[in-house]
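Only one structure is covered here, and it is reproduced in the block below.
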Amino acid sequence: MQQIIDLIQTYSLLRMLIAFLVLIGIVFLNAIVMGYLERKIAARIQRRWGPMEIGVQGWLQMILDGVKMLAKQLIVPRDADRFLFRLAPLLCFTPVVMIFAALPFSKALYGINLHIGLIYIIAMASINVFAILIAGWSSNNKYSMFGAMRSVAQNIAYEIPILLSLLSVVLTTASFDLQKIVEAQSGWLWFAVYPNLFVAFVIYLIAGCAETNRAPFDLPEAESELTAGFHTEYSGFGFGLFAVAEYGNLFIMASIASIMFLGGWNGPFGLASGPLMGAFWFLSKVFVLMLVMIWVRWTYPRVRFDQLMNLAWKYLIPFSLVNLLITAFLVKMI
Amino acid sequence: MNATYQFIAEALFITFILLTLSGAWLAVKARILMHSVLGLAVCLLGVAGLYFYLGSMFLTMMQILIYMGAVCIVLVFGIMVGYTPRESAERNIMSRNMVLGIAASGVAAVLLFTVAIGRTVWSKAAESTGDFSIEWIGKSLLLNYCLAFELISVVLLVAIVGSIILARGGREEEV
């Protein structure tokens with residue numbers, strides 16, 4: 001009990017409330033910006049224009065889409081499990097906001113600083129799978145079921161290389177505290193510079209791409225086979241929340257990559273990283289990584305399911321295990 | 001101001017207790033297997049909350065990560081593979097079984113109360129005081145309690161080997 005009281009006293013109630021409102025705003029803003037960027041870049045890659053009608057270059061399109069989703073009815077299928085069907089989008093969205101609270105945007109700009117921040121983020125991210133499962137099962141629809149089952153198989157397989165690759169960074173810094181991990185990379189020595197951690201970085205990017213269910217690993221929502229996968233039956237803002245949570249998860253994936261491997265809020269060339277400049281560097285790294293993910297998504301075709309499983313179990317997990325051993329050896333030697 | 005914080009902490013405690021109890025009730029009572037597993041997940045979440053209340057953040061996160069993120073998901077996956085439509089979800093407690101069940105649990109409850117609960121001296125749950133950092137946990141697991149730690153991994157190994165044998169046996173019978 002004393003710990004809870006201490007926690008509330010350190011971060012006063014008003015600050016918590018403001019932080020949560022701001023973070024929810026950031027999650028939605030991120031979805032709007034990323035949705036627009038994704039549509040524009042996809043269009044550019046496929047030699048077409050993308051949204052052009054509303055606003056200059058169609059920049060208001062996503063906001064109007066949001067308004068449209070808010071105005072639409074949330075249809076619950078007759079044979080669906082009503083309570084779980086409505087619960088699933090919220091369960092998908094809430095952990096995203098909770099994870100955003102633990103991300104260090106800069107040295108002074110964060111929701112909460114935990115000494116086990118990394119474990120907290122991974123634990124909350126595991127609830128996302130649960131939401132997808134509940135959505136798929138409660139829809140009472142074979143496409144949703146198959147989407148959910150694929151998603152779980154994929155998430156179980158790819159969580160292991162993610163954890164192993166992050167663990168090599170934790171071994172190097174001997175801390176789960178995200179702020180300490182960022183501070184350990186001040187100056188030019190970002191962790192992606194070291195060869196063994198660079199391997200971990202690449203493994204993390206591939207596995208993270210699969211963990212966020214994005215192409216070329218978007219089998220849970222493969223349009224050509226499963227209509228829309230686990231969110232086939234969702235309409236209106238139920239679907240909207242899934243979309244927002246998906247972009248939120250993408251942001252989290254990219255920001256963990258930039259915190260653990262690319263120096264977080266440290267500027268390049270040892271440039272100044274005050275509260276605002278730090279946030280600028282952090283966000284620019286995150287957005288570069290997210291743009292790379294979009295680029296990959298619209299460039300490569302979807303893999304087959306057996307290829308997906310083989311990639312995780314036969315290549316990524318052994319590689320990351322060996323890499324972890326090498327890292328442990330190096331940390332002990334140096 | 002301090003009273004407000006006290007109240008929030010107490011309210012959280014009661015919420016966690018309610019989550020645990022209602023989750024456990026749902027896990028036992030639900031007629032659809034999926035609801036049982038979700039009840040179990042809620043129950044485990046409540047237990048994680050109790051760890052948080054007692055001041056062990058690390059244990060809270062591990063509880064969520066392992067029990068909700070791994071064990072419950074694997075259970076749900078098993079249910080989905082052996083999917084039963086909603087219509088065939090039936091009451092598995094017959095009236096005769098119910099009488100027997102009540103009798104058995106009554107005897108067990110009386111025995112438990114006279115032997116264990118009645119004689120226990122109830123002391124306040126240990127709040128984490130002092131140094132219970134991850135380093136401390138790691139050192140005590142790998143130095144003081146190393147044997148127990150390694151034996152648990154042997155149990156896991158046996159479980160894995162056993163499941164492989166079971167799966168292989170099933171496949172050979174089909175051929």
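A note on names: the letters A, B, ... follow the listed sequences, proteins ahead of strands, and every chain is numbered from 1.
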Let me know if A:Val129 has heavy atoms under 4.5 Å from chain B in its side chain, its backbone, both or neither.
both
Turns out that what part of B:Ile66 lies under 4.5 Å from chain A's heavy atoms comes down to neither
Indicate the ring-plane relationship of A:Phe100 and A:Phe251, choosing parallel, tilted or perpendicular according to the 30° and 60° boundaries.
parallel
Does any backbone or side-chain atom of B:Leu45 lie under 4.5 Å from a heavy atom of chain A? Answer side chain, backbone, both or neither.
neither
Taking every non-hydrogen pair under 4.5 Å, which of A:Asn128, A:Val152, A:Leu114 racks up the most with chain B?
A:Val152
Side chains of A:Tyr204 and A:Ile256: does their closest heavy-atom pair fall under 4.5 Å?
yes
Strictly distance-based, threshold 3.5 Å: is any side-chain N or O of A:Gln154 a donor or acceptor partner for the main-chain N or O of A:Ala210?
yes
Atom OH of A:Tyr143: over 12 foreign heavy atoms under 6.0 Å
no
